[in-house]
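Scroll down for the structure; my scribbles are underneath it.
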Amino acid sequence: MTLKGRDIVNIGDLSLPEIDTILDTAKGMVKIARGEERSKILDGKILSSLFFEPSTRTRLSFESAMLRLGGGVITIAGQEGSSLIKGETLADTIRMADAFSDVVAIRHPREGAARLSATFSENPIINGGDGAGQHPTQTLLDLFTIREELGDIGDQHVTIVGDLRFGRTTHSLALALARMGTSMSFVAPKIIQMPEHIVNDVREMGVSVKITNDLKKEVDHSDVIYMTRIQKERFAEEEDYRKVAHAFKIDMDMLKDAKENMIIMHPLPRIDEIHPSVDPTPHAKYFIQAFNGVPTRMALLKLVLEGES
Ligand code: CP
């Protein structure tokens, strides 16, 4: 089945061969993403960039991706900049974006909003993060980063750390890694551990997963440490947030027995989970990871608009 015209709402919408196609296409786009080569393959196409929740990386890298491929971008950044604030429905907003452009990237605070949007749009809808649901394009760039830095994704042990309850990036990533046979550790305090339905799905795929609250024990045998921010904005009770805020920190002391080739990733933004002294070490890949959002989203835009040819 072609990717042309497809909605990308959940990482499960993509088969493993389709994920490979996206990552291979992304690799061929790195020079264009860096501005070292020019492309006009999406000349005349328009992206609606609808971000109803704050974003730096996802919005800017989607927009950069479209512009680097010769296309155009129209944007809503924040509900207050749109007629949603006057009471217009999401359905009508999506109908407008569908009329004005060829593809929509949407971030929304409500889980399920991207899937709902897809029912009102003829053109492809790409989920840029829906509440505590999923963030499939983040997962694609995470997979691209692991593959580029370490090789075969299935051979790695990935330790995912932090807010696994609300962290949508961790949900999409765990499900994708499980399909690739990657063993994992989930490190979090009990109240923000990985949702049970995701742990069950991962285990049903036959993948080994350790549930723990002890980061130090996982660092030394991991190939990837995937840090995440504790998402203060998603806690109903501030008291619960305070109990787990600042729960995990990677610093130089934590890394002294780490594998030489171990990489540290983070979807960003970071608060205090990774000490800045780690930034110059060869372990730190989170800024390269963020850049990888551009070629990965270029690949996705090209494939949903033009297909594989
Ligand atoms: N990784 C990520 O989604 O970052 P933004 O919230 O800045 O888009």
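Just so you know, ligand 1 is whichever comes first in the structure, and atom 1 is the first atom listed for that ligand. Everything numeric here is computed off the predicted structure, so don't read it as measured data.
- Contacts between T169 and ligand 1 below 4.0 angstrom, taking non-hydrogen atoms only, are absent altogether.
- Between E306 and K40, none of the side-chain N atoms (NZ, or NE/NH1/NH2) sits under 4.0 Å from a carboxylate O, so this pair counts as no salt bridge.
- The shortest N or O to N or O distance between P267 and ligand 1 is below 3.5 Å.
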- Task: Given salt bridge (Lys or Arg N to Asp or Glu O under 4.0 Å), test E239 with K243 step by step and report yes or no.
- Result: CA-CA 6 Å; E239 178 57 24; K243 280 184 207 153; 5.1 Å; no

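- At least one heavy atom of H135 sits closer than 4.0 Å to an atom of ligand 1.
- Of the options R107, Q289, R59, the smallest heavy-atom separation from atom 3 (O) of ligand 1 is shown by R107.
- Considering CD1 of I76 and CE of M96, their distance stands at 11.0 Å, rounded to 0.5 Å.
- Rounding to the nearest 0.5 Å places CZ of R168 at 12.0 Å from OG1 of T228.
- Ligand-side atoms of ligand 1 in range of T56: 5 (P), 7 (O), 8 (O), range being under 4.0 angstrom from any heavy atom.
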- Task: Would you please test T281 and H283 for side chain to side chain donor-acceptor pair (under 3.5 Å) and show each step?
- Result: CA-CA 5 Å; T281 72; H283 298 298; 5.3 Å; no

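- Look at R95 and D92 and you find a salt bridge, because one of the NZ, NE, NH1 or NH2 atoms lies within 4.0 Å of a carboxylate O, short of that distance.
- Proximity to T58 (heavy-atom distance under 4.0 Å) selects the following atoms of ligand 1: 2 (C), 3 (O), 4 (O), 5 (P), 8 (O).
- Protein heavy atom in closest approach to atom 4 (O) of ligand 1: R57 NE, 3.1 Å.
- When each atom of ligand 1 is checked for a heavy atom of L268 under 4.0 Å away, the hits are 1 (N), 2 (C), 4 (O).
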